[in-house]
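Quick notes on the structure that follows.
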Amino acid sequence: MTASGARRAPVGTRDVLYPESSRWEAVVAGFAATVERAGYGLVISPMFEDVSVFSRGMGEKADVVAKEMYVFEDRGGRSLALRPEGTASIVRAFVQHRPPLPWKAWYATAAFRYERPQAGRFRQHHQLGVEVLGSADADLDVEVIDLAVTFLVSVGLDDFELRINSMGDPVCAPVYVETLRKYLESRLGELCDEHRQRALVSPLRVLDCKKEACRSATAGAPALLDVACAECKQHFGRVESGLRALAIPARVDARLVRGFDYYTRTTFELSSPGLDVAQNALGGGGRYDGLVEVLGGPATPGIGFGIGLERLLLACDAARRSAPSPVGASGRSAGPPPAVFVVDVAGGEAARDLTHALRAARIPSDRAFDERSLKSQMRMADRSGARLALIVGADEAAAGTVSVRALRREGDSAGGDDLQRVVGRSDVVGYVQEVLGS
RNA sequence: GUGACCGUAGCUCAGUUGGUUAGAGCGCCAGGUUGUGGCCCUGGAGGUCGGGGGUUCAAGUCCCCUCGGUCACCCCA
């Protein structure tokens, strides 16, 4: 609660502590399962790159590049940047290693952008994504979108909206931009204050302006698909029919304009209408057939998507599905509940040896430290969520035995005499295995 | 970068028109039961009232600045 800097995480960042962190693990594991089933391999690339990887890839004038990157100079004078998104790094890795095509990669990484934080937006956020390099097939677009959708469904989120659009290619995109510019030129007066200035510089941006003025002014604006070249139209048509064949509901949205320069042809965005905050885009992606060349590689088509982990979790909460639920709900301690808690009031040696032996036998176990009282240790055993307490007092220590006590969980009856029994030290691990197994 | 609202124990909050040593619940620790957890009872620890400056006999309460939080714009995940 104190505001001084050194005591808290930097602005826009957060710590994810235990029960919550287990949800993250579960979501990442679910993502890995979904995409690995489709042949995607995990790629771990550096968290920072030469700035040019991002500035050239995403476009110098993209807001993210122009004013949101964490740029720094290292001790050797190199100009580096913390990654603001996932795609450019993966493409750079592709250019460097030139793996066999098609190259299917997935990643789970932090991304950094210097922005004012708000609901669902952080300076460090986390993305799960895939990239495929080496195929221009529209069926691949369908596969990639299918994976994103399948993943959302797998975490229990079925209340989302998929919007798709095409950005055209180097042939028809410029034609479209010019067409749109002319359309806007005749309606400058109708636009919002901000876009009245910039409409002619970046016409596309006007399309996704939220202000009513811009929205009505562009309601009848030409769509890229109206003026797209035959190849792009055909490509888009195949993506649409592919999605339809897989029963993936998608809405064609001519206003969908994604922020990075590298997109060509198919773009898509997944949003959560149920998320009652301004930032409800869960993820998005698209094709980037020119990016590899921009980053110094051979002409190679590519496509991918990224999904924001924080927003995904927010959406799950909003949908009242705790989706991947915290694993340790039963315990109240700082970590995952053990199966066994060793209570030792005879010096601690038994606790030391027993936890070691139990863990060697793959039985999760914990203990108290600092020679706490019996009462205190029993309370810790109870709160840990363990099913059994192994009690070693003076008597047991002298006799070479352990008292194994069943910790009654909620819903148990008053309990009888079979709650506790004495077992020889050398038989304890086997006995515990037996009890836990039944 | 812009704007609005908000900062009192680990957490959720109370704190009357500015007025003695700042409170509660939960959590934590200990004891009640000198070998037994949960429930209950009792006690305890824990607060630079975000920080700095100002007004005042007196500031957690009022004013300014600053830092932080939250939400929104911009843009995006």
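Residue numbers begin at 1 in each chain, while the letters A, B, ... track the order of the sequences.
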Complementary nucleotide for [N] - Watson-Crick or wobble, under 3.5 Å:
N     : value
B/A72 : B/U2
B/C39 : none
B/C57 : B/G19
B/U12 : B/A24

Original post:
Taking the side chain of A/D63 as its heavy atoms from C-beta onward, which of B/U2, B/C75, B/G35 lies nearest to it?
Top reply: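 The answer is B/C75, which lies nearest to the side chain.
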Between [atom2] of [N] and [atom1] of [X], the distance in whole Å:
X      : N     : atom1 : atom2 : value
A/L312 : B/A77 : CG    : P     : 15 Å
A/K375 : B/G37 : NZ    : P     : 6 Å
A/Q377 : B/C29 : CD    : C1'   : 15 Å

What integer number of Å spans the [atom1] atoms of [N] and [M]?
N     : M     : atom1 : result
B/U55 : B/C64 : P     : 15 Å
B/U16 : B/G23 : P     : 14 Å
B/U66 : B/G1  : P     : 12 Å
B/U61 : B/G50 : C1'   : 16 Å
B/C62 : B/G18 : C1'   : 8 Å
B/C5  : B/C41 : P     : 44 Å
B/U17 : B/G51 : P     : 24 Å
B/G27 : B/A45 : C1'   : 13 Å

**OP:** Tell me what A/E310 touches on the nucleic acid: a base, only sugar-phosphate, or nothing, going by heavy atoms under 4.0 Å.
**Re:**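 Since no nucleic acid heavy atom lies under 4.0 Å of A/E310, the category is nothing.
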**OP:** Select base, sugar-phosphate, or nothing to describe what A/R311 touches, counting heavy atoms under 4.0 Å on all strands.
**Re:** base
If you go through the side-chain atoms of [X], does one of them form a donor-acceptor pair with the base of [N] closer than 3.5 Å?
X      : N     : answer
A/E115 : B/G1  : no
A/E68  : B/C75 : no
A/R405 : B/G35 : no
A/Q118 : B/U70 : no
A/Q124 : B/A77 : no

**OP:** Could you walk me through whether A/R287 and A/S166 pass the side-chain hydrogen bond (donor to acceptor under 3.5 Å, both in side chains) test, one step at a time?
**Re:** CA-CA 9 Å; A/R287 193 160 264 295; A/S166 175; over 6 Å; no
Original post:
Has the side chain of A/D344 got a donor or acceptor atom that lies under 3.5 Å from a matching backbone atom of A/A351?
Top reply: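 Flag set: sc A/D344 to bb A/A351 pair under 3.5 Å.
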Subject >> A/E178 CD: over 12 foreign heavy atoms closer than 6.0 Å >> reply: yes
Subject >> Face-to-face contact A/H125 to B/A77 six-ring, under 5.5 Å, under 30° >> reply: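 Stacked: ring centres under 5.5 Å, planes under 30°.
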Original post:
Are A/F151 and A/F31 close enough, and set up right, to give a ring pair (Phe, Tyr, Trp, His ring centres under 6.0 Å), and what steps lead you there?
Top reply: CA-CA 6 Å; A/F151 168 62; A/F31 186 73; 4.9 Å; yes
